[in-house]
Amino acid sequence: MQRWQAFDQAFGSQPHLVCYAVKTNSNLAVLQTLAKLGAGFDIVSGGELARVLRAGGDPGKVVFSGVGKTESEMRFALHMGIKCFNIESEAELYRLEAIAQELATPAAISIRVNPDVDPKTHAYISTGLKENKFGVSFEQALPLYRYAFASEHLVVHGIDCHIGSQLLSLAPLEEAAKRVIDFQAKLTNEGIGLHHIDMGGGLGIDYQPQDNAPTPEAYVKALCAAINQPEIEILIEPGRSIIGNNGILVTKVEYLKNNQDKQFMIVDAAMNDLIRPALYDAWQDIVEVTQIPEAKTNNVDVVGPVCETGDFLGKTRNLAAQPGDYLAILSAGAYGFVMSSNYNTRPRAAEIMVDGADKHYCVRARETLDDLMRGETLITD
Ligand SMILES: *Cc1c(COP(=O)(O)O)cnc(C)c1O
């Protein structure tokens, strides 16, 4: 959890809150470890709020993002006293106002703006362009701020954005910050002051050495410089950059198979355990758990048992593992387990937290077939 501390410490005397993006890896023990350090949390559902609370997180440090907040999620979050609702549409603002009135509890809000900068990342994880479903344009945001400012049930707290994920350059983030503070000046002119600026998450990690991701220090320094307001509270919502390189997926080799020119290493993990390669064509390093002296096999595709051609974990790798050997798929701490499913009736893996060289904890038991069928019924008439 040194990565969370690196973000936190880089702010120096600037008021700030580092809100870990829970969706990245929401295991209770991960949340608990961060909560103990004083982390804030960025949630996208009532379920994630329930996890944060169970893990001992402070609801007063929670911001709630997402385009589809339901009424019951809003009631729950307002009742628990979260720090801020990150509003993504006009309709959502009105819904929150009605709920705040019903509960006689004013709701703190921020409007998620869409700065329309290209983060130069994968299309599926770029969120700050005009054509994305997230946030509202600056033009749309202005009347929403006026409305919220005038409402007795809403309290204007901040502004937020999140332009994309796995960003390997700081320039788009600096450009987004510049556009946000230009807009903030317009609000100030109308007498609408902000308590915080939330620049979202998105800092990338090294999946391979040439990715050369900026450090948390460089990222925070760049944001503080671009915002250049030593008094204002700056929020960030990093997820992947805190947890991504802290996790591996361990899998056993079941079979080796040759199809004419193609060699396959069939392992017992699959796209249901780690979907990033299949979904985003993401590259994650795969290494042998025990070093193998034999020459590596060139061009082997590491595939799972799921009945989909897209079920691969890595293509054209150099590996010498044999059936029974273990492989580690690296950088699997973010968007790994949380995106897993039971497709093909495959129980999901156990989660183990390792602390230093000599301590480890099983923080999630391996699923059983009974777990998978719980809640299903046979028809008896
Ligand atoms: C996904 C998400 C994040 C975290 O993104 P990372 O790229 O993992 O840092 C932060 N904020 C919001 C609103 C998100 O949707």
Side-chain angles (χ1 to χ4, degrees), residues 3-4 6-8 17-26 30-31 34 39-45 47-49 52 61-69 73 77 82-89 92 109-115 117 119-129 132-136 158-170 172-173 176-177 180 196-207 211 213-216 219-220 223 234-247 275-276 279-280 282 284 331-339:
R3 296 282 291 186
W4 183 88
F7 281 107
D8 188 52
L17 184 62
V18 181
C19 297
Y20 170 68
V22 174
K23 70 166 190 265
T24 327
N25 181 330
S26 58
V30 170
L31 302 181
L34 288 162
F41 296 95
D42 170 50
I43 60 164
V44 292
S45 71
E48 288 189 350
L49 178 55
V52 168
K61 292 183 179 174
V62 168
V63 297
F64 193 171
S65 303
V67 295
K69 303 175 193 78
E73 286 176 323
I82 66 163
K83 180 179 175 73
C84 195
F85 287 86
N86 291 349
I87 298 292
E88 305 228 14
S89 67
E92 187 192 338
I109 66 112
S110 160
I111 307 284
R112 177 167 175 179
V113 291
N114 195 331
V117 295
K120 305 220 166 20
T121 183
H122 190 286
Y124 285 9
I125 49 177
S126 128
T127 50
L129 283 170
N132 294 128
K133 70 176 174 182
F134 300 100
V136 300
I159 187 163
D160 64 286
C161 69
H162 171 72
I163 61 171
S165 203
Q166 185 54 13
L167 308 182
L168 295 176
S169 152
L170 296 176
L173 286 158
V180 166
H196 74 243
I197 296 179
D198 177 349
M199 291 303 299
L203 181 62
I205 58 169
D206 291 350
Y207 284 99
D211 286 340
T215 62
Y219 165 83
V220 167
L223 284 187
I234 299 179
L235 270 55
I236 52 171
E237 304 167 350
R240 187 195 312 269
S241 53
I242 288 181
I243 203 81
N245 275 333
N246 290 344
I275 203 173
R276 295 186 66 258
L279 186 62
Y280 311 124
Q284 296 186 213
S331 310
Y335 306 106
F337 191 94
V338 285
M339 294 177 98

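Order of appearance sets the numbers: ligands from 1, and atoms from 1 within every ligand.
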Under the rule for salt bridge (charged side-chain N to carboxylate O under 4.0 Å, His left out), what residues qualify as partners of E92, not counting sequence neighbours?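 Per chain and number, E92 pairs via salt bridge (charged side-chain N to carboxylate O under 4.0 Å, His left out) with K69.
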Less than 4.5 Å apart, any side-chain heavy atom of N86 and any of E237? yes
Could you check whether any side-chain heavy atom of R3 comes within less than 4.5 Å of a side-chain heavy atom of S241, counting everything from C-beta outward? yes
Partners passing side chain to side chain donor-acceptor pair (under 3.5 Å) against T24 (at least two apart in sequence or in another chain): none
Can you name the residues that form a ring pair (Phe, Tyr, Trp, His ring centres under 6.0 Å) with Y219, not counting sequence neighbours? F7
As a quick check of understanding, evaluate side-chain contact (heavy atoms from CB on, under 4.5 Å) for Q166 and Y207, giving each step before the final call. CA-CA 10 Å; Q166 185 54 13; Y207 284 99; 3.6 Å; yes
At a heavy-atom distance under 4.0 Å, which protein residues reach ligand 1? Sort them by chain and number, would you?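 Only A21, K23, D42, S65, R112, H162, S165, G201, G202, E237, P238, G239, R240, Y335 have heavy atoms that fall under 4.0 Å of ligand 1, ordered by chain and number.
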